[in-house]
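Here the structure comes first, spelled out in structure tokens, and everything after it is commentary.
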Amino acid sequence: MPDFSKKVLDVVSQIPKGFVLTYAEVARRAGHARAARAVGNILNKNHDPRIPCHRVIRSDGNAGGYNRGAALKVKKLKQEGAL
DNA sequence: CGTATGACGTGCA
DNA sequence: GTGCACGCCATAC
């Protein structure tokens, strides 16, 4: 697994409850400030439940997508108080 | 190795 | 506020 993907998954897995990061932020932490698209791709392929990918949202406020349904993603964020 | 794809971001009409 | 076009990057084929 490339370092970038590993870093992205690592950053996302470190997101505390009730807190959300944008794809751009995650990409920046991973070392590629303009790789927001790649971040989404990695999370999309990633199927590890240990990765709270539902805490990663778009910069424009939209929750974005989710491998288990965007609606579920929003629901989880509301539950955690991040929304 | 080159093309196509996608959970993105910004700018402009 | 909404919709479209372009640019960006890693992964899949």
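The sequence lines fix the lettering, A, B, ..., with proteins before strands; numbering per chain opens at 1. All of these numbers come straight from a predicted model, not from anything done at the bench. Just the heavy atoms: all of them, side chains too, but no hydrogens, waters or symmetry mates, feed the values below.
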Rounded to whole Å, CD1 of Ile42(A) lies from C1' of dT5(B) at a distance of 14 Å

Would you kindly check whether a donor in the side chain of Arg34(A) faces an acceptor in the base of dG7(C), or vice versa, at under 3.5 angstrom? no

Smallest heavy-atom separation, Val56(A) atom then Thr22(A) atom, equals CG1-C, 4.2 Å

Closest approach of Ala27(A) and Ala36(A), non-hydrogen atoms and distance? CB-N, 3.7 Å

Atom pair distance, as rounded to whole Å: CZ in Arg37(A) and P in dG6(B): 9 Å

Looking only at side-chain atoms of Ser59(A), point me to the closest of dA7(B), dC9(C), dG9(B). dG9(B)

Asp60(A) CG to dG11(B) P, straight-line distance once rounded to whole Å: 13 Å

Between dA7(B) atom P and Asn44(A) atom CG, what is the distance in whole Å? 6 Å

Rounded distance in Å - CG (Asn41(A)) to C1' (dT3(B)): 15 Å

Can you find a donor-acceptor N/O pair under 3.5 angstrom joining the side chain of Tyr23(A) to the base of dA7(B)? yes

By nearest atom, which of the nucleotides dA10(C), dG9(B), dA7(B) is closest to the Lys73(A) side chain? dA7(B)

Considering only side-chain heavy atoms of Ala35(A), which listed nucleotide, dG6(B), dC8(B), dC9(C), is closest? dC9(C)

Nearest-Å distance, CG (Leu43(A)) to P (dC9(C))? 18 Å

Expressed in angstrom and rounded to an integer, what is the separation of Asn62(A) atom CG from dG6(B) atom C1'? 15 Å

To the nearest Å, how far apart are Glu25(A) CD and dC9(C) C1'? 17 Å

Specify the residues of residues 1-20 of chain A, ordered by number, for which at least one heavy atom lies under 4.0 angstrom from an atom of DNA chain B. none

Whether Arg58(A) contacts dA7(B) is assessed here as follows: a side-chain N or O lying under 4.0 Å from the phosphate OP1 or OP2. Is that the case? no

Testing the basics here: between His54(A) and Lys73(A), what is the closest heavy-atom pair and its distance to 0.1 Å? O-CE, 3.4 Å

Say whether, by atom type as modelled, one donor and one acceptor occur between the side chain of Arg29(A) and the main chain of Val11(A) under 3.5 angstrom. no

Would you say His32(A) reaches dC8(C)'s phosphate, i.e. side-chain N/O to OP1/OP2 under 4.0 Å? no

Please give me the minimum heavy-atom distance between Ile51(A) and Leu9(A), naming the atom from each residue. CD1-O, 3.7 Å

List the residues meeting side chain to side chain contact (heavy atoms under 4.5 Å, CB included) with Asp10(A), not counting sequence neighbours, and say none if there are none. Ser13(A), Gln14(A)

Other residues, nucleotides and ligands only: do more than 12 of their heavy atoms fall within 6.0 Å of CG on Asp3(A)? no

